[in-house]
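What follows is a single structure, written as structure tokens, with notes after it.
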Amino acid sequence: MTQTASLATYRMFIDGRFVDAASGDRFETDDPFAAEPWALIPRGGSADADRAVQAAHRAFISGAWPAMTASQRGARLRRLADLVAAKADALAAIEVRDNGKLFAEMSGQTAYMAQWFHYFAGLADKIEGAVLPLDKPGYFNFTRYEPLGVVVAIVPWNSPLLLAAWKMAPALAAGNTLVIKPSEYTSASALELMKLVEEAGFPPGVVNVVTGVGPEIGMALVEHPRVAKIAFTGSDATGQKIYEAAARGLKRVTMELGGKSPNIVFDDADLDAALGGVVSGILAATGQTCVAGSRLLVQRTIHDRFLDRLVGFARAARMGDPMSADTQIGPICNRPQLEKILNYIDVAKAEGARPVLGGSRASRPECGNGWFVEPTIFAGVDNRMRIAQEEVFGPVLSVIPFDDEDDAVRIGNDVVYGLAAGVWTRDIRRAFTMAERLQAGTVWVNTYRANSFLSPFGGYKRSGFGREGGQEMIKEYLQVKSVWMATTAAVPNPFIQR
Ligand code: NAD
């Protein structure tokens, strides 16, 4: 049992100050490798949501932030990018402590996060309106792109800082102010990041972080009348609740939701590369990624051979301390998620799927008391089974054979989600055709899990809407105004539309 006194204690960041929850309540956040609490986080409620939104609103309408030029905003973001780059490893170590993902992966993410800030820093002063060639004489008409106001960013636990940065960088570049609500399982890193926000010279209230339980403080933010937009990443079940609440307030939303992505291996593929891609799709980050290639579709002609190799590869994967450079599979982020994954394994078995690897909680010595699940592969899966239809968010792979392209497309698209898909083939015609026919926001051909701030990322179908990354997406944080100016002294008839 951990003594509360020995735990690190965090405070929320509101209006440029680190503060406790108005109630004074806190909750413990756990280290999934040690399977015990390591820090205390403020349990904010509606009073804290209101404090943060009011601060963000004040910062949006008055003071230093709206007075800045776009270039000055960009300069602040650039400073933040440099500070993030300098502290990338320290931030990553906190992420690992909180969510158990590998330090190698998290330090890559935090270092790359700096690039998101740099990119949108550069875009801040390239938001240009247009002069429109009107069909009516006597007018000069132009457009301006303006920020929305207070943006609420609600993010999940699997890549806490990177996913916050995907929203923060464009929202700030566009001139909005922000309230970030990290997951209750991984709040520490966002609060650490606020020290860098302060150092970068953002005026008080421009960026705020509040912490607490989703349905409490998260919903209070969504329902707050001064909030203009909710940028959400998380499960489709939560997304639906937020969308409904946002609709009542007529607020803008972007939704980055879950997936059940097919990773499709044809018999003409480079099978070594495909093997690596399939493993990265389901075992990297212990399968806790929205783009997990959790359905492996293998052409029947190579099914048994490929499955044998895959099982051998996955069996040899090293589990253990996520801080160790040798570890390939870390723990599951939190206890409810561990239980959810184990429950899905039971569901798959009950449905008649055949476990060919794993299928239980891991109890290897190197896993200690941690929340580990053995890499799990089910063969003989029918795509209509729940294990093939529902997002598990863990190292659990469903293997489904297919006959030809049509069959692969039919099975690949036969889920409610459409976040990503992988295709492995050497045939260029097939590569293009599959990329066109798969209903997914991202299609990877002969690669998997590639991502860049330059390329749009987001979902089809129940995986959401709105895109993150790329020049166009800054418009998700802007609204356009049309300005009409009369250039003639003539006074038109006031009773007729001009
Ligand atoms: P979640 O939906 O449980 O929680 C996400 C966030 O929403 C958390 O901050 C949580 O506190 C908050 N929340 C929960 N209930 C709320 C409510 N009623 N009102 C307001 N806020 C609420 O998701 P999770 O378990 O943290 O994350 C895993 C999910 O996120 C998976 O479905 C995964 O696919 C998805 N995800 C999607 C992407 C993407 O870009 N598409 C990226 C990463 C993760």
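Remember, it's 1-based here, ligands and their atoms both numbered in the order they're listed.
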Item to complete: Please test Phe457 against Trp166 for ring pair (Phe, Tyr, Trp, His ring centres under 6.0 Å), starting from the C-alpha separation and ending with a verdict.
Response: CA-CA 10 Å; Phe457 176 80; Trp166 286 12; 5.6 Å; yes
Worksheet item: Please walk me through it: do Phe453 and Tyr112 pass ring pair (Phe, Tyr, Trp, His ring centres under 6.0 Å)?
Response: CA-CA 9 Å; Phe453 50 85; Tyr112 197 55; 5.7 Å; yes
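The local environment of OH in Tyr243 is sparse, with at most 12 non-hydrogen atoms from other residues, nucleotides or ligands closer than 6.0 Å.
For the residue pair Arg295 and Asn383, a side-chain donor N or O sits within less than 3.5 Å of a side-chain acceptor on the partner.
By the 6.0 Å and 45° rule, Lys461 does not stack over the aromatic ring of Tyr417.
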Under 3.5 Å, sequence neighbours excluded: what are the donor-acceptor pairs made by side chains of residues 335-347?
| residue | atom | partner | partner atom | Å |
| --- | --- | --- | --- | --- |
| Gln337 | NE2 | Val392 | O | 3.0 |
| Gln337 | NE2 | Phe393 | O | 2.8 |
| Tyr344 | OH | Glu390 | OE1 | 2.5 |

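Closer than 4.0 angstrom to ligand 1 sit non-hydrogen atoms from Ile154, Val155, Pro156, Trp157, Asn158, Leu163, Lys181, Pro182, Ser183, Glu184, Gly214, Pro215, Gly218, Met219, Phe232, Thr233, Gly234, Ser235, Thr238, Ile242, Glu256, Leu257, Gly258, Cys290, Glu391, Phe393, Leu419, Phe457.
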